[in-house]
Amino acid sequence: MNTLANLPFLKMNGLGNEIIVLDLRGRSHIVTEREARAIGRFERARFEQLMVLHDPVSEGTDAFVRIYNADGSEAGACGNGTRCVAWAILRGTDRRQAVVETAAGVLACTRQDDTVFTVDMGAPRFAWEDIPLAHPVTETAALPLHREAEGLPALEKPFGVSMGNPHAIFFVSDAAAYDLTAIGPSLEHDPLFPERANISLAQVLDSGHLLLRVWERGAGETRACGSGACAAAVAAMARGLAGRRLEVQLPGGALTIEWRDDGHVLMTGPTELEWADSLPPALFQDAAA
Ligand SMILES: N[C@@H](CCC[C@H](N)C(=O)O)C(=O)O
């Protein structure tokens, strides 16, 4: 029988970003791309990101977390999912801090109250090879990327940054006006991004508030993207459009982002447990490969 059969999972969300948390600590199984997609086909386990906990690798961490998008691809970072993982690790304890490791690094998560968590998302990276881009670009704050949008100002010169995953942020005067479902896929797959990219439309409201819509790599338009909020906040701050602490308003609600003087980005926002259930064995009858 597949290791995942009958395994308990948590259905959670971070501002409406649909998250499944699966705890494989103590087991050696690595979820395959096909298995991830199979899990998402189970209505009660539908997700934009699947967060799988494994035994810790680095000393002082609670778990190594592998992050899967809805299409089965893996990501280095997921801000909303990381808050959900912290909630799952700390529930039933009186600890205030969880430390998780992902492919992109070690992240400290601090509980503010029962449902609100702050994640230290680390330092943004701006070099073309870190984002990564397909070829050297000196000015990653204005990427050579352009899309016409019928009847609207063209999307151009997005800010490129890695928050452990690749982001491109277009600043626009009206984020709601664009059809993200129509333009997102081609931008996500633009040859400039060898690992694809998360694509954002950011509208600066004032120096403390940003409106954001995100087309997520491997998942589509989302109600909220934590790493996208960090990326957009850093982009706005780096372009001198905002102060070092910013509220990012997404369709699912608001995240507070602070870019500290030591270079680290702190993301604060809520988590919600929707239900706990277990994975039906039938999902994995032909999903192992
Ligand atoms: N929803 C996430 C981002 C998830 C990963 C992303 N789609 C990628 O492939 O990089 C968040 O809250 O950060």
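Fair warning: this is a prediction, and the values are worked out from it, not measured in the lab. Just so you know, residue 1 is the first one in the sequence shown, and it goes up from there.
Connection of Val52 to Val100 is not established within any shared hydrophobic cluster, with ILVMFWY side chains joined at heavy-atom distances below 4.5 Å, either directly or through further cluster members. Under the 4.5 Å side-chain heavy-atom criterion for ILVMFWY residues, a single connected hydrophobic cluster contains both Val21 and Phe117.
Asp206 contributes a side-chain N or O that, together with a main-chain N or O of His209, makes up a donor-acceptor pair within less than 3.5 Å. Looking at Trp275, its side chain does come within 3.5 Å of a backbone N or O of Arg44 through a donor-acceptor pair. Panel note: side chain Arg83, backbone Gly269; a donor-acceptor pair is recorded below 3.5 Å. Here the side chain of Gln203 pairs a donor or acceptor atom with the backbone of Ser173 at under 3.5 angstrom.
Residues Phe42 and Phe47 form no side-chain contact, since every pair of their non-hydrogen atoms from C-beta on lies 4.5 Å or further apart. Annotation: side chain of Arg260 is in contact with side chain of Asp120 (closest heavy-atom distance under 4.5 Å). Side chains of Glu35 and His29 form a contact here, defined as non-hydrogen atoms less than 4.5 Å apart. Side-chain atoms of Pro185 and Trp215, non-hydrogen and from C-beta on, do get closer than 4.5 Å to each other. Counting heavy atoms from C-beta on, the side chains of Ile19 and Cys78 come closer than 4.5 Å. For the pair Gln97/Arg95, no side-chain contact is recorded, criterion being any heavy-atom separation below 4.5 Å from C-beta on. By the 4.5 Å heavy-atom criterion applied to side chains, Ile89 and Leu53 are counted as neighbours. Looking only at side-chain heavy atoms (C-beta outward), Leu10 and Arg91 come within less than 4.5 Å of each other.
In terms of heavy-atom proximity, Trp128 sits nearest to Ala134 at CZ3-C, 4.3 Å. Annotation for Ala236 and Leu210: closest pair CB-CD1, 4.4 Å, computed over non-hydrogen atoms. Contact record, Ile39 with Ala45: O-CB, 3.5 Å, taken as the closest heavy-atom pair. Minimum interatomic distance between Gly76 and Ala104 (heavy atoms only, all atoms of both residues): O-CB, 3.4 Å. When all heavy atoms of Asn69 and Ala75 are compared, the closest pair comes out as ND2-CB, 4.1 Å. Counting all heavy atoms, side chain and backbone alike, Val204 lies closest to Leu241 at CG1-O, 3.8 Å.
For the atom pair CZ (Arg223) and CD (Glu18), the distance works out to 9.5 Å, reported to the nearest 0.5 Å. Interatomic distance, CZ of Arg37 versus OG1 of Thr32, reported as 8.0 Å (0.5 Å rounding).
With no hydrogens or angles considered, a side-chain donor-acceptor pair links Ser227 and His167 at under 3.5 Å. Side-chain contact, Asn80 with Glu48: no donor N or O sits under 3.5 Å from an acceptor N or O.
Around atom CZ of Arg244, more than 12 heavy atoms belonging to other residues, nucleotides or ligands sit under 6.0 Å away. Crowding of Arg245 atom CZ: a count of heavy atoms from other residues, nucleotides or ligands under 6.0 Å not exceeding 12.
Between Trp259 and Phe126, the angle of the ring planes lies from 30° to 60°, which puts this pair in the tilted group.
The pair Glu188-Arg217 fails the salt-bridge criterion, with no side-chain N (NZ, NE, NH1 or NH2) lying under 4.0 Å from an Asp/Glu carboxylate O.
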